[in-house]
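So you know, we letter chains A, B, ... as the sequences are listed, proteins then strands, and number each from 1.
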Amino acid sequence: MATVNAEELGAPVIDINAEEVKKELLSKYPTKVARKRAKQIVVNEVAPDGAVPEIAVNVRTIPGIISQRGCTYAGCKGVVLGPTRDIVNITHGPIGCGFYSWLTRRNQTKPPGPEAHNFMTYCFSTDMQDEQIIFGGEKKLRQAIQEAYDLFHPKAIGLFATCPVGLIGDDVHAVAREMKEKLGDCNVFAFSCEGYKGVSQSAGHHIANNGIFTHVVGLDDTVKEGEFKINMLGEYNIGGDAFEIERLFDDIGVTLISTFSGNSSYEYFANSHTADLNLIMCHRSINYVAEMMETKFGIPWIKVNFIGAGATAKSLRKIAGYFENKELSALVEEVIAREMPAVEKVREEVKANCEGKRAMLFVGGSRAHHYQELFQEIGMETIAAGYEFAHRDDYEGRRVLPSIKVDADSRNIEELHVEPDPERYRPRLAPEGIERLAKAGIELSGYEGMMAEMASGSLIIDDISQFETEKLIEIYRPDIICAGIKEKYAIQKSGVPMKQLHSYDSGGPYAGFKGAINFYREIDRMVNSKVWKYLKAPWQEHPELAAKYVWE
Amino acid sequence: MKSHNAPYTSTTNACKLCKPLGACLAFRGIEGAVPFLHGSQGCATYMRRYIISHFREPMDIASSSLGEKQAVYGGGPNLKQGLKNVQTKYGARLIGVATTCLTETIGDDVPGLVKEFRREMAESNGHGDLPALVTVSTPSFSGTHMEGFHAAVKAVVEQMAEGGPPTGTVNLLPGFVSPADLRYLQEVMEDFGLPVIILPDISETLDGPAQTDYEKIPAGGTPMKDIQAMGRSRATIEFGRTLFSQETAGRFLENHFGVSWRPLGMPIGLRETDRFFQVLEELSGRPAASGHARERGRLLDAMVDGHKYVFGKKAVVYGEEDLVVGLAAFLAEIGVRPVLCASGGHSGNFAEAIAAVTAGLLPEPPLVREGMDFYDIAEEAQSLAPDLLIGHSKGYHLARKWKTPLIRVGFPIHDRFGGQRILHLGYRGAQSLLDKIVNALLEKKQQDSPVGYGYL
Ligand code: SF4
Ligand code: SF4
């Protein structure tokens with residue numbers, strides 16, 4: 001297949017010194033801004049022990065610098081709670097915040113039957129007006145809850161505060177308690193997730209984790225059948241990813257108790273403490289729940305990654321390893337052996353077209369890391385990457401946790417004090433077990449972060465701005481950039497294909513083995529598209545031709 | 001406040017967007033402008049995403065990114081820092097500052113802060129090349145995105161237009177119409193030989209060509225010097241029947257500079273377009289170019305041909321008030337009965353405007369409802385058994401539930417391609433709407449038929 005090479009698009013730039021690039025990126029900023037950004041843009045260097053340079057992250061975006069980030073409310077309502085189909089989520093605030101977080105096809109769900117509750121296509125808001133801003137909105141909120149209850153009889157109602165709510169002093173938690181009492185058979189809980197509270201969505205994830213853990217997890221002690229019971233944390237079923245992962249779990253015979261929160265239901269959360277292992281996909285958004293479950297109920301967690309065929313195989317083996325069960329291991333091997341030939345076939349085909357091409361990923365709080373695997377599998381190199389809302393541990397690994405400074409913004413978000421449950425705490429592993437697993441190479445509660453797995457000399461940029469993205473394109477002319485829809489058209493206007501990784505645009509799933517195949521093909525289509533060649537009309541490319549016609 | 005018509009306190013599946021979004025769209029239609037939201041960054045991010053996925057174009061909205069501390073102590077310093085960064089980093093020639101619910105609630109005095117900023121900048125580096133700064137107050141707890149849009153247009157005119165020797169130019173304030181509509185309007189004005197200033201003009205800034213080099217601020221938009229000259233134009237045409245009684249930009253130009261104000265309905269369908277063309281003939285002193293006359297003739301011809309398919313069909317129309325008014329006028333003309341006209345807006349003038357444009361054409365007046373959400377619309381419409389839904393993508397759920405065709409118009413269009421290129425205005429727009437409506441009905445008939453005729 002013919003490919004567009006960089007020459008056709010302008011200056012081909014290879015082997016650029018990342019330090020120089022960093023200087024260039026900073027050169028246009030006023031001194032104060034440049035000083036701040038200098039700590040957020042790092043040239044990677046992986047020491048033999050896996051240590052990487054420190055990066056300043058999770059700090060406020062500079063006013064006026066257009067960022068990818070959303071707000072605390074977006075992280076709480078939109079990301080963590082939103083994908084749960086049977087909770088009525090009411091946004092308490094003016095209409096916009098709720099309207100904009102009305103879910104799209106991004107998060108998919110499969111209700112058990114046509115009659116089962118699914119509120120994901122709904123968008124509930126108190127639509128605050130002047131009157132509430134002046135006299136308070138609690139009354140309207142109470143009415144909204146009552147209405148939702150009367151109309152739908154949901155099992156649970158979540159309340160989400162937006163910026164004005166905190167300022168006018170509405171007590172959403174008091175309203176929740178009162179209405180829960182009044183309704184009797186409906187769990188009502190609230191989140192003080194006003195957008196201004198945190199640096200980014202991340203604060204909202206934390207608030208959501210706290211709320212779900214406090215108000216829902218542990219409400220249902222029914223122990224389900226199944227020898228290997230797990231929870232999947234931080235998997236939001238974008239483009240149907242969770243369905244592909246669930247398929248694999250079914251095949252290897254592990255029982256999925258709950259997913260936080262793709263394709264999820266309120267009842268799964270309530271029952272999630274009965275699982276024996278927590279798997280973490282997106283470490284950033286959900287590690288709090290995993291840690292709290294471990295402290296309170298004794299459930300260990302491991303980091304997994306189902307993005308990439310190799311990573312999927314590795315994660316499945318890790319699960320089998322944890323349960324130390326031969327039959328499970330055998331089944332896992334069987335499934336891998338069954339799935340891989342199809343993957344390999346497409347991979348070879350696509351690799352021939354994509355080898356040596358270069359990608360940049362600026363997205364999310366885990367995706368910029370996970371997707372590097374997929375690119376690697378088709379021979380593409382990640383030359384720069386960064387997250388939108390991650391913390392240092394997601395970049396540098398959990399080893400730096402003790403040294404992370406708690407600033408005013410993080411202090412703002414409550415850290416729940418959790419203790420072992422007097423009745424229900426049950427350590428799943430004895431100390432010998434933990435040791436045995438460690439020897440077998442199965443690390444509990446561990447995450448190495450993104451940087452340790454990236455090449456030395458690659459660029460790491462946190463909370464990249466529009467301006468920096470443009471500069472990078474100019475300098476590197478990458479073959480593809482992964483980011484979100486807000487960045488999409490600006491990047492494509494520069495003649496570089498752009499893959500959306502928040503929602504998958506029209507594609508997906510990309511998780512698991514089938515997902516890997518989808519992704520290889522998608523990237524092949526995008527980086528080898530011929531359309532970019534036609535950006536210039538023939539008469540623009542050869543002006544002398546046009547001139548000749550005129551002259552003749 | 002929710003309209004007294006609607007029985008519910010809460011809003012379920014809203015049929016409106018928030019006020020600053022409209023302001024940002026309006027600012028985006030000015031050359032060299034960057035919209036700026038004074039508030040927490042989430043609002044800007046959300047609105048960008050919404051606008052981008054409709055237009056499939058970049059849309060930058062800067063934010064003063066307030067945090068908890070500023071929410072308590074005031075956002076002045078952040079606002080000033082933000083303005084400075086937008087000026088230096090993006091080379092903005094105009095920054096349109098809109099407030100959000102947060103800064104309206106804490107009561108930041110944005111015009112005052114901007115004045116201070118101007119002074120401080122002047123002191124620190126002479127006059128420098130400070131961009132023009134326009135401020136508009138857009139609390140979403142009163143009004144929808146359309147109020148925000150009109151408020152921004154008015155703010156721009158109030159803060160920038162100047163008087164002076166009259167020019168022969170005509171101001172055209174089209175409201176929130178599509179890039180395709182704007183290109184059509186330009187063509188029409190040109191054909192009448194009327195020099196025009198269209199404000200705002202998103203025809204290029206939100207529907208630009210593919211390029212090799214990305215421009216931070218896209219080319220196009222109403223030039224600033226044109227906006228300044230608006231006080232010297234000979235007339236202002238302003239679209240939107242629900243605006244007639246309001247303090248609009250057009251009225252301001254008349255009151256302050258004596259520019260004759262010619263408020264009109266959105267030229268959707270035959271008669272509203274006729275009224276528009278009539279004003280243009282009067283202003284230009286010449287008849288419409290033959291091309292437009294022929295378009296009108298073809299439209300009439302198509303109305304006759306299509307009549308048998310559409311006559312007596314019932315439609316539910318929803319969306320921005322003035323768009324719905326125009327659509328209702330058009331539907332009544334082609335023989336479709338708009339049985340419910342609904343909007344999330346609540347100007348108070350909606351019913352009157354609908355009555356005016358459908359007078360004499362309908363067996364009975366349609367239900368007209370302000371301040372509606374889709375839950376209300378569903379309840380009202382179910383018993384009306386509509387054959388058609390006309391509006392933006394957010395009505396899709398109802399269309400699916402009722403197995404009723406949805407004709408997509410307006411904003412936002414998130415489930416189809418080319419929303420920015422939908423033409424609504426003029427004879428040509430009516431023609432294209434008519435074709436779509438007839439075809440949707442034919443397709444439905446075909447789908448519902450057990451036989452599947454290929455010749456209808
Ligand atoms: S706070 Fe107001 S301005 Fe911001 S998104 Fe919500 S409704 Fe819109
Ligand atoms: S008002 Fe606050 S909660 Fe709402 S979108 Fe803006 S930042 Fe987020």
Q | From B/D376 atom CG to B/N13 atom CG, the distance as rounded to the nearest 0.5 Å | A | 10.0 Å
(Q) Among B/L83, B/T88, B/T100, B/I61, which residue has the highest count of heavy-atom pairs closer than 4.5 Å to chain A? (A) B/I61
**Q.** Contacting region of B/L17 [heavy-atom separation from chain A under 4.5 Å]
**A.** both
Q: Could you tell me whether a side-chain N or O of A/S101 sits under 3.5 Å from a main-chain N or O of A/G78, the two making a donor and an acceptor?
A: no
Q | B/R49 side-chain N/O to A/Y100 backbone N/O, donor-acceptor pair under 3.5 Å | A | yes
Q. Between A/E131 and A/K140, is there a side-chain N and carboxylate O pair less than 4.0 Å apart?
A. no
Q.
Any side-chain to backbone donor/acceptor pair from B/R48 onto B/M59? Under 3.5 Å, distance only.
A. yes
Q: Below 4.5 Å from any heavy atom of chain B, which atoms of A/R60 appear? Answer side chain, backbone, both or neither.
A: side chain
Q) Which bit of A/Q201 comes within less than 4.5 Å of chain B, counting heavy atoms only: side chain, backbone, both or neither? A) neither
Q) Any side-chain heavy atom of B/H414 within less than 4.5 Å of one from B/H54? A) yes
Q.
So for A/I133, is it side chain, backbone, both, or neither that comes closer than 4.5 Å to the heavy atoms of chain B?
A. side chain
Q) Is a donor on one side and an acceptor on the other found under 3.5 Å between the side chain of A/S494 and the backbone of A/V496? A) no
**Q.** Between A/Q143 and B/S10: side-chain donor-acceptor atoms closer than 3.5 Å
**A.** no
Q. Listed by residue number, which members of residues 34-46 of chain B have a heavy atom under 4.5 Å from any heavy atom of chain A?
A. B/F36, B/S40, B/Q41, B/G42, B/T45, B/Y46
Q) Among B/P77, B/G67, B/P139, which residue forms the greatest number of heavy-atom pairs with chain A at distances under 4.5 Å? A) B/G67
Q. Hey, are A/E147 and B/T9 close enough side-chain-wise for a donor-acceptor pair under 3.5 Å?
A. yes
Q.
Taking every non-hydrogen pair under 4.5 Å, which of A/T126, A/T61, A/T91, A/I134 racks up the most with chain B?
A. A/T61
Q) Do any of residues 90-99 of chain B come closer than 4.5 Å to chain A, heavy atom to heavy atom, and if so which ones, in number order? A) B/Y90
**Q.** Between A/Q466 and A/T469: side-chain donor-acceptor atoms closer than 3.5 Å
**A.** no
Q) Can a salt bridge be assigned to the pair A/K471 and A/E474 using a cut-off of 4.0 Å between side-chain N and carboxylate O? A) yes
Q. Do any N or O atoms from the side chain of B/Y318 and from the backbone of B/G395 form a donor-acceptor pair under 3.5 angstrom?
A. yes
Q) Is it true that a side-chain atom of A/N118 and a backbone atom of A/M120 form a donor plus acceptor pair closer than 3.5 Å? A) yes
Q) Between A/P164, A/G195, A/G166, which has the largest tally of heavy atom pairs under 4.5 Å with chain B? A) A/P164
Q: Return the orientation label for the B/H397 and A/W102 ring planes: parallel under 30°, perpendicular over 60°, tilted otherwise.
A: parallel
**Q.** Greatest number of heavy atom pairs closer than 4.5 Å to chain B - which of A/P63, A/P94, A/C71
**A.** A/P63
(Q) Less than 4.5 Å to any heavy atom of chain B: does that hold for the side chain of A/V199, its backbone, both, or neither? (A) backbone
Q) Angle class for the A/Y29/A/F467 ring planes (parallel below 30°, perpendicular above 60°, tilted otherwise)? A) perpendicular
Q.
Under 4.5 Å from any heavy atom of chain B, what part of A/L151 do you find: side chain, backbone, both or neither?
A. side chain
Q: Give, as side chain, backbone, both or neither, the part of A/T72 having an atom under 4.5 angstrom from any heavy atom of chain B.
A: neither
Q. B/K16 versus chain A, heavy atoms under 4.5 Å apart: side chain, backbone, both or neither?
A. both
(Q) Taking every non-hydrogen pair under 4.5 Å, which of B/V86, B/L102, B/I106 racks up the most with chain A? (A) B/L102
Q: Could you tell me whether a side-chain N or O of B/D108 sits under 3.5 Å from a main-chain N or O of B/G75, the two making a donor and an acceptor?
A: yes
Q | Residue B/S142 versus chain A: region with a heavy atom under 4.5 Å | A | both
Q | Option that, when pairs with chain A are counted at under 4.5 Å, heavy atom only, ranks first among B/P20, B/P412, B/A62, B/S53 | A | B/A62
(Q) Tell me whether the rings of B/Y375 and A/F152 are parallel (<30°), tilted (30 to 60°) or perpendicular (>60°). (A) perpendicular
